[in-house]
Asker: 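The structure's right below; bear with me while I get my questions together.
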Amino acid sequence: LETDAKNFEFTEDSTGNIVITKYIGKDTNVVIPKKINGKNVTQIGFSVFRGCVRLTSITIPDGVTNIGFEAFYGCDSLTSIIIPDGVTQIGDYAFYCCNSLTSITIPDGVTQIGNGAFCRCNSLTSITIPGGVTQIGDYAFYRCNSLTSITIPDGVTQIGECTFNGCNSLTSITIPDGVTQIGDFTFCGCDSLTSITIPDGVTQIGNHAFDCCNSLTSVIIPNSVTNIGGCTFNGCNSLTSITIPDGVTQIGDYAFCRCDSLTSITIPDGVTEIGSDAFGYCPNLTIYGKMFSYAKKYAKQNNIKFKNY
């Protein structure tokens with residue numbers, strides 16, 4: 001049964017459709033009505049269910065196309081939600097801190113997942129992102145501690161800052177070929193991530209992108225990358241070897257600092273700048289490079305073993 005309209009505050013948009021602006025009821029199971037006063041409900045507005053800590057399940061009607069900013073922010077007891085196929089946009093922080101939500105299916109019509117949309121959903125173990133999504137916002141899955149795997153669709157071209165930061169249970173992820181940039185802190189603190197393949201189209205890996213990924217044993221950096229940011233692989237204690245591709249000209253400060261198990265790294269002669277402590281506290285490291293390269297000069301200046309290749 002639909003929840004009585006008297007439990008909602010609402011307004012009309014410019015086309016005469018209903019926008020839900022606030023839930024004022026006390027039900028734990030809510031079914032949003034398809035119509036109010038004979039007019040279609042098409043939007044769930046800003047912060048409608050924010051802080052409804054007793055809410056356990058919600059059904060959104062088929063006519064809704066937009067889930068607004070912070071719509072379900074802090075709904076700690078929400079375990080189930082059905083998002084209809086007509087929804088095209090999930091707003092920023094829409095499901096922030098929905099700590100009991102274990103899974104969710106995003107409908108095919110969605111093209112953008114907003115900033116912080118599922119941030120701190122600590123019980124979320126799986127999520128399906130549809131093929132139409134082209135952009136995943138900053139902090140979208142930040143500290144989703146139970147998320148073990150996720151497939152990013154081919155249409156995505158940009159992964160924002162801190163998108164998967166602190167996803168401690170994430171063991172694997174596939175980055176699609178269309179992605180050109182990995183943002184700052186994107187996978188920082190993903191303790192269980194063991195391997196990752198960065199596609200050929202990526203030209204820039206952001207600062208702290210894989211910082212403290214303690215289980216990461218292998219990573220393939222494509223030739224398209226020209227810059228490795230500061231602290232990118234800092235504290236990746238299980239990383240044993242890495243090859244810097246020919247296109248890279250700059251390695252940022254602390255890029256591989258505290259990689260305790262790193263024994264070899266191959267640096268091409270196109271690298272002309274290596275930042276401060278880029279390989280600091282890597283006690284067993286040998287740098288492989290060309291005879292008259294900047295890499296050799298850097299190794300000598302920083303008392304790091306060097307071998308020609």
Asker: Could you tell me how the ring of Phe95 sits relative to the ring of Phe118: parallel (under 30°), tilted (30 to 60°) or perpendicular (over 60°)?
Answerer: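 Parallel.
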Asker: Do Tyr93 and Phe141 sit in the same hydrophobic cluster, where Ile, Leu, Val, Met, Phe, Trp and Tyr count as joined when their side-chain heavy atoms come under 4.5 Å apart?
Answerer: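 No; Phe141 is not reachable from Tyr93 via cluster members.
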Asker: Return yes if some donor-acceptor pair links the side-chain N/O of Asp4 with the main-chain N/O of Lys6 below 3.5 Å, else return no.
Answerer: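 Yes, because the side chain of Asp4 sits within donor-acceptor range (under 3.5 Å) of the backbone of Lys6.
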Asker: Measure the CG-CZ distance between Asp211 and Phe233 for me, rounded to the nearest 0.5 Å.
Answerer: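 The CZ atom of Phe233 is 10.5 Å from CG of Asp211, to the nearest 0.5 Å.
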Asker: So, does Thr102 use its side chain to make a donor-acceptor pair with the main chain of Ser123 at under 3.5 Å?
Answerer: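 Absent.
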Asker: Count the heavy atoms belonging to other residues, nucleotides or ligands that lie under 6.0 Å from OH of Tyr281, then report whether that count exceeds 12.
Answerer: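 Result for OH/Tyr281: open.
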Asker: Going hydrophobic residue to hydrophobic residue with side-chain gaps under 4.5 angstrom, can you get from Ile129 over to Ile182?
Answerer: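 Both belong to a single hydrophobic cluster.
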Asker: Using the test salt bridge (Lys or Arg N to Asp or Glu O under 4.0 Å), find all partners of Arg50 that sit at least two apart in sequence or belong to another chain.
Answerer: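 Arg50: salt bridge (Lys or Arg N to Asp or Glu O under 4.0 Å) contacts with Glu70.
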Asker: Looking at every heavy atom in both Arg143 and Asn122, which two are closest together, and how far apart are they?
Answerer: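 Looking at all heavy atoms of both residues, the closest pair is O-OD1, 3.2 Å.
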Asker: List the atom of Arg120, the atom of Asn99, and the distance in Å for their closest heavy-atom pair.
Answerer: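 The answer is O-OD1, 2.9 Å.
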Asker: Are side-chain heavy atoms of Cys98 and Cys121 found at a separation under 4.5 Å?
Answerer: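 Yes, close enough: below the 4.5 Å cut-off.
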Asker: How far apart are the closest heavy atoms of Gly275 and Tyr298, and which atoms are they?
Answerer: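 Closest approach of Gly275 to Tyr298, heavy atoms only: O-OH, 3.2 Å.
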Asker: Which atom pair, heavy atoms only, marks the closest approach of Glu9 to Ile24?
Answerer: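 Shortest heavy-atom separation between Glu9 and Ile24 comes out as OE2-CG2, 3.8 Å.
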Asker: Within this structure, what is the CZ-CD1 distance for the pair Phe279 and Ile251, rounded to the nearest 0.5 Å?
Answerer: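 One finds 4.5 Å between CZ of Phe279 and CD1 of Ile251.
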Asker: Looking only at atom types and distance, does a side-chain atom of Asn115 sit under 3.5 Å from a main-chain N or O of Asp92, one as donor and one as acceptor?
Answerer: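 Here the side-chain-to-backbone pair does not exist.
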Asker: Would you indicate whether Phe72, at its atom CZ, is surrounded by more than 12 heavy atoms from other residues, nucleotides or ligands within a distance under 6.0 Å?
Answerer: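 Count over threshold, so yes.
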Asker: Inspect the surroundings of CZ in Phe46 and state if more than 12 heavy atoms from other residues, nucleotides or ligands are less than 6.0 Å away.
Answerer: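 Open: at most 12 neighbouring heavy atoms sit under 6.0 Å from CZ of Phe46.
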Asker: Given the rule in the side chain to side chain contact (heavy atoms under 4.5 Å, CB included) test, do Ile196 and Ile173 qualify, once you have shown the distances and angles that lead to the verdict?
Answerer: CA-CA 7 Å; Ile196 193 160; Ile173 193 163; 3.6 Å; yes
Asker: So, taking the atom named CD in Gln43 and the one named CD1 in Ile18, what distance separates them when rounded to the nearest 0.5 Å?
Answerer: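 Answer for the CD-CD1 pair, Gln43 versus Ile18, is 11.0 Å.
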Asker: Verify side chain to side chain contact (heavy atoms under 4.5 Å, CB included) between Phe10 and Val41, making sure each step is shown before the conclusion.
Answerer: CA-CA 9 Å; Phe10 54 89; Val41 174; over 6 Å; no
Asker: List in chain and number order the residues that pass side-chain hydrogen bond (donor to acceptor under 3.5 Å, both in side chains) with Thr194, two or more places apart in sequence or in another chain; answer none if no residue qualifies.
Answerer: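 Counting only residues at least two positions away or on another chain, Thr194 forms no side-chain hydrogen bond (donor to acceptor under 3.5 Å, both in side chains).
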Asker: Less than 4.5 Å apart, side chain to side chain, heavy atoms only: is that true for Ile36 and Ile20?
Answerer: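 A side-chain contact under 4.5 Å exists here.
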Asker: Tell me whether Thr42 contacts the main-chain N or O of Gly63 through its side chain, where contact means a donor paired with an acceptor under 3.5 Å.
Answerer: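 No, Thr42 side chain to Gly63 backbone: no donor-acceptor pair under 3.5 Å.
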Asker: At their closest point, which heavy atom of Asn40 faces which heavy atom of Lys35, and how far apart are they?
Answerer: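 Heavy atoms only, the tightest pair is OD1-NZ, 2.6 Å.
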Asker: Run the side-chain donor-acceptor check on residues 151-163: report pairs under 3.5 Å with partners two or more places apart or on a different chain.
Answerer:
from	atom 1	to	atom 2	distance (Å)
Thr163	OG1	Gly137	O	3.4
Thr163	OG1	Gly160	N	3.2
Thr163	OG1	Gly160	O	2.7

Asker: Fit a plane to each ring of Phe49 and Phe8, take the angle between them on a 0 to 90° scale, and name the class: parallel (under 30°), tilted (30 to 60°) or perpendicular (over 60°).
Answerer: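 Rings of Phe49 and Phe8: perpendicular, over 60°.
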Asker: Between Asn29 and Thr56, does a side chain to side chain donor-acceptor pair (under 3.5 Å) hold up when you go through it step by step?
Answerer: CA-CA 6 Å; Asn29 302 307; Thr56 58; 2.9 Å; yes
Asker: Give the minimum heavy-atom separation between Lys39 and Gly16, together with the two atoms involved.
Answerer: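 Looks like CD-O, 3.3 Å.
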Asker: When rounded to the nearest 0.5 angstrom, what is the spacing between CG in Leu193 and OG in Ser215?
Answerer: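 Here the interatomic distance stands at 8.0 Å.
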Asker: I'd like to know if the side chain of Asn17 and the backbone of Asp13 have a donor-acceptor N/O pair within less than 3.5 Å.
Answerer: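 No.
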Asker: Go through it in stages, so that I can follow the logic: the residues are Ser276 and Tyr254, the test is side chain to side chain contact (heavy atoms under 4.5 Å, CB included), and I'd like the CA-CA distance, side-chain angles, deciding distance and then a yes or no.
Answerer: CA-CA 6 Å; Ser276 174; Tyr254 309 101; 4.3 Å; yes
Asker: Is the shortest heavy-atom distance from the side chain of Cys231 to the side chain of His208 under 4.5 Å?
Answerer: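 In contact.
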Asker: What is the distance from atom CG of Asn227 to atom CG of Asn207, rounded to the nearest 0.5 Å?
Answerer: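 Asn227 CG to Asn207 CG: 8.0 Å, rounded to 0.5 Å.
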Asker: Under a single-linkage definition using a 4.5 Å side-chain heavy-atom cutoff for Ile, Leu, Val, Met, Phe, Trp and Tyr, are Leu239 and Ile304 assigned to the same hydrophobic cluster?
Answerer: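 Leu239 clusters together with Ile304.
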Asker: As an exercise, state the distance from NZ of Lys34 to CD of Glu2, rounded to the nearest 0.5 Å.
Answerer: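 Rounded to the nearest 0.5 Å, the NZ-CD separation comes out at 7.0 Å.
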Asker: Give a yes or no on whether Leu285 and Val271 share a hydrophobic cluster (residues Ile, Leu, Val, Met, Phe, Trp, Tyr; joining criterion: side-chain heavy atoms under 4.5 Å apart).
Answerer: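 Both belong to a single hydrophobic cluster.
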Asker: Honestly curious: do Ile81 and Tyr73 fall in one hydrophobic cluster under the side-chain, below-4.5 Å linking rule?
Answerer: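 In one cluster: no.
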